[in-house]
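Positions are given from 1, in the same order as the sequence printed here. Order of appearance sets the numbers: ligands from 1, and atoms from 1 within every ligand. Here the structure is a predicted model, which is why all the values come from computation and not from measurement.
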Amino acid sequence: MDDCFCGQKAVVFLHYSGRPLCEEHFIRMFDKRVRGTVRERRMLKKGDRIAVGLSGGKDSCVLLHSLARLKEDIPIELVAVSIDEGIEGYREKTLKIAARECEKLGIEHAVFSFKEGAGKAMDEIAQKKNIPCSYCGVIRRYLINKGAREVGANKLAIGHNLDDTAQTVLMNIMRNEPSRLARFSECMEGNARFVQRIRPLMRTPEKEVAIYAMLKGIELDNKDCPYAPFAFRGHVRKMLNETEERYPGTKYKIANSFFEMEEGLRNMYKDKISKCDSCGEPCSGETCMFCKTVSLLSIK
Ligand code: SF4
């Protein structure tokens, strides 16, 4: 690999721009892009209290560091929120990493568990159901929204990177779920019960998030969830990575198509968030997916 344009040894080669970059210039480029995404999509404003969804994986830890940097310029408050699904041999380690990163940055950290919030840990649910990820996703989304409200946040930052963005767009199209795609838009305004989501890393490729994490000394846990082979997302990820390899820029193009469509989608579904008859949490019908899931599993 050639040296960086500044003459320093390059640590990364960015294929899409044809540029080798040294550590300093890579970090500078990375921070600038996150800052640009936040500014362009008006994600933050003075006085915001941001709940940072922190699993302890690379994306959420990098997000925490990026927001902590932004906090030096924008007067915002940060509080990290983790969800413990109760997956033995997997979640304990990332929760420890999450706690350590919060301590390093002096950020308050709250943990909410499936066991407490839904009555059963994921390991118990997986014994009964053979598609654990769909249950896990519903319960996690419900608990993180509720958790963000409980810590007094007005926004919830999620560590979705560019790859996650492209996967989510495709998954919602493949499942014919346009209302969920509309809710993916962070500009969808929050209300008293639905905390507005922001995704500052949504334009950043996953590989670059991993490099940034390593350069920042963030401990990485590369162990996959034992239920990952059941995840639809895993299938879409593989398909997208193969397509990207053959047709570079595909992930950017999918994300950009979503940005073009999101205003229309948002307008179409903005009045369709109602209150669940059973628990009072936000939903698009009469009963929310969490209550339906809990009753289906007979776990509460
Ligand atoms: Fe939950 Fe499935 Fe992700 Fe594991 S792979 S954390 S079960 S959604």
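- With ligand atoms numbered from 1 in the order given, ligand 1 contributes 5 (S) to contacts under 4.0 Å with heavy atoms of Ala228.
- Taking every non-hydrogen atom of Tyr227 and a distance limit under 4.0 Å, the qualifying atoms of ligand 1 come out as 7 (S).
- Per-residue contacts place Cys225 under 4.0 angstrom from the following atoms of ligand 1 (heavy atoms of the residue considered): 4 (Fe), 5 (S), 6 (S), 7 (S).
- Between Leu201 and His160 the shortest side-chain heavy-atom distance does not fall below 4.5 Å.
- Without hydrogens or angle criteria, Glu242 side chain to Met239 main chain gives no donor-acceptor distance under 3.5 Å.
- In this structure, Cys102 and Leu54 have side chains that are in contact, with non-hydrogen atoms separated by less than 4.5 Å.
- If you look at Pro132 next to ligand 1, there are no close heavy atoms at all, none under 4.0 Å.
- Within the 4.0 Å heavy-atom cutoff, Arg233 does not count among the residues contacting ligand 1.
- For the pair Arg140 and Tyr135, the cation-pi criterion (under 6.0 Å, within 45° of the ring axis) is not fulfilled.
- The aromatic rings of His25 and Phe5 sit tilted relative to each other, their planes meeting at an angle between 30° and 60°.
- Considering Val52, Val111, Ile144, Thr94 as possible partners of Ser82, the one that fulfils the side-chain contact (heavy atoms from CB on, under 4.5 Å) test is Val111.
- Between Ala231 and ligand 1 there is no heavy-atom distance shorter than 4.0 Å.
- Residue Arg140 has at least one heavy-atom neighbour below 4.0 Å for each of these atoms of ligand 1: 1 (Fe), 3 (Fe), 8 (S).
- Note on ring orientation: taking the six-membered ring where Trp is involved, the planes of Phe13 and His15 are perpendicular (angle over 60°, cut-offs 30° and 60°).
- At a cut-off of 2.8 Å, Cys136 is counted among the residues with an N, O or S atom near atom 1 (Fe) of ligand 1.
- Protein heavy atom closest to atom 2 (Fe) of ligand 1, with residue, atom name and distance, is Cys133 SG, 2.4 Å.
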